[in-house]
J.: 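Take this structure, written in structure tokens, and hold onto it; I'll ask about it next.
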Amino acid sequence: MARRIDVTGAGGVRLAAWEFGDPPKPGGTDPVDGAGGLPGVLLLHGLMGRASHWAPTARWLSARHRAVALDQRGHGRSDKPPQGAYTREAYVEDVEAALEQLGLAPAVLVGHAMGALTAWQLAARRPDLVRGLVVCDMRASALGGASQQVWAEWFRAWPVPFATLADVRKWFGEDDPWVERPNPARGEFYTEVMAESADGWRPVFEPEQMLRSRETWVHDAHWEELAQVRCPTLVVRGLDGELGRAEAQEMVRVLPHGRYAEVADAGHLVHYDRPEAWRAAVEPFLDTLGGG
């Protein structure tokens, strides 16, 4: 069972953090360890995700780490401020504030997609807060403006409100015309970001805010920031994900202490598609960091 802890992000935005495992014990003194003597891990979901998507990962992490997942601004149960509040700077400052307020630093950051970008941007800026990094299926190259238009059209195609969660599963897992191959795990993923309203099930986020969040990073390349990450970093890709093998291996080359792993039969939602294979890829890397 996860325990909710609210923290304050950039501009006073309230962020919901979820701690898995037992509450920390007072008196942890090792500077490599988070509160309670366990090394801290902060899990950062991708665009449209939420902290609960990390639950399977957080459960096994919590045996040897203080594992916390964050609902980022505009997502999950965190505040959803006005449109102008979704800058890269705001997302990075939120995580910086969360690490400090939760007493997790120096922590390992585990990020998926947009959350991975936030993680490596913070690691580049505040190396004192980050002792290790896991980058899951996030590209360092620019995606270009055309992808924003595709995403806008995709959001407009959603048949909201959905009558039932079964309809959510079916549409995103089987019927979504923007996806080449059906994926039941994808359908389940989207049930977690829906909330029941008077007329049916709707996303817990505002699509316009998601587009705004995305607009702040799809036009730019992020190689320079990646090269500034000094801590050990594992780049993980799903074989059928959005990060190609050549780019992933180039990211590893650019990183001063980069390592590479890939997960077979997984798409973009690597940790959600193949949780056991994901663990097998990530856990040995975490073991090399020590402190847990």
J.: Would you find more than 12 non-hydrogen atoms of other residues, nucleotides or ligands less than 6.0 Å from Glu153 atom CD?
T.: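 Count over threshold, so yes.
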
J.: Between Asp176 and Trp154, is the side chain to side chain donor-acceptor pair (under 3.5 Å) condition met? List the steps.
T.: CA-CA 9 Å; Asp176 186 346; Trp154 177 58; 2.9 Å; yes

J.: In plain terms, say whether Lys80 and Glu206 are close enough for a salt bridge, that is, a side-chain N and a carboxylate O under 4.0 Å apart.
T.: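 Judged by the 4.0 Å cut-off on N to carboxylate O distance, Lys80 and Glu206 do not form a salt bridge.
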
J.: How long is the span from the NZ atom in Lys170 to the CG atom in Asp167, to the nearest 0.5 Å?
T.: 8.5 Å

J.: Do Glu192 and Arg50 sit within salt-bridge range, that is, some charged N less than 4.0 Å from a carboxylate O?
T.: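 So Glu192 does not pair with Arg50 through a salt bridge.
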
J.: Taking salt bridge (Lys or Arg N to Asp or Glu O under 4.0 Å) as the cut-off, I'd like each qualifying pair that reaches into residues 228-239, sequence neighbours left out, listed once.
T.: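 Qualifying pairs: Arg237-Glu262.
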
J.: Between CG of Asp240 and CG of Asp273, what distance do you get to the nearest 0.5 Å?
T.: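 Asp240 atom CG to Asp273 atom CG measures 9.0 Å (nearest 0.5 Å).
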
J.: Give me the ring orientation class for Tyr86 and Tyr91: parallel if the planes are under 30° apart, tilted from 30 to 60°, perpendicular past 60°.
T.: tilted

J.: Below 6.0 angstrom between ring centroids: does that apply to His222 and Trp217?
T.: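 Centroid separation for His222 and Trp217: 6.0 Å or greater.
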
J.: Would you call Glu276 and Arg279 a salt bridge, taking side-chain N to carboxylate O under 4.0 Å as the test?
T.: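 Result for this pair is no, no salt bridge flagged.
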
J.: Do Arg66 and Val41 pass the side chain to side chain contact (heavy atoms under 4.5 Å, CB included) test, and can you show the C-alpha distance, the side-chain angles, and the key distance before you say yes or no?
T.: CA-CA 6 Å; Arg66 186 180 171 207; Val41 177; over 6 Å; no

J.: Does the pair Val92 and Arg125 meet the rule for a side chain to side chain contact (heavy atoms under 4.5 Å, CB included), with working shown?
T.: CA-CA 9 Å; Val92 173; Arg125 186 167 84 174; 3.7 Å; yes

J.: Can you hop from Leu255 to Trp223 via hydrophobic side chains spaced under 4.5 Å?
T.: yes

J.: Within this structure, what is the CD-OG1 distance for the pair Glu89 and Thr216, rounded to the nearest 0.5 Å?
T.: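 Reported to 0.5 Å precision, the distance equals 11.0 Å.
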
J.: Considering residues, nucleotides and ligands other than Glu283, do more than 12 of their heavy atoms fall under 6.0 Å from its CD?
T.: yes

J.: Using residues 10-18 as the side-chain source, report each donor-acceptor pair under 3.5 Å to any protein atom, sequence neighbours left out, with the distance given to one decimal.
T.:
| residue | atom | partner | partner atom | Å |
| --- | --- | --- | --- | --- |
| Arg14 | NE | Asp79 | OD1 | 3.3 |
| Arg14 | NH1 | Arg77 | O | 3.2 |
| Arg14 | NH2 | Arg77 | O | 2.9 |
| Arg14 | NH2 | Asp79 | OD1 | 3.0 |
| Trp18 | NE1 | Asp71 | OD2 | 3.1 |

J.: Anything under 30° is parallel, anything over 60° is perpendicular, the rest tilted; go ahead and classify His75 against Phe205.
T.: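 Geometry flag for Phe205 against His75: tilted rings.
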
J.: Any idea how His53 and Phe189 line up, ring-wise: parallel (<30°), tilted (30 to 60°), or perpendicular (>60°)?
T.: parallel

J.: Please report whether the ring centroid of Trp158 lies less than 6.0 Å from that of Phe172.
T.: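 Yes; Trp158 has its ring centre under 6.0 Å from that of Phe172.
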
J.: So His268 and His112, would you call those rings parallel, tilted or perpendicular, with 30° and 60° as cut-offs?
T.: tilted

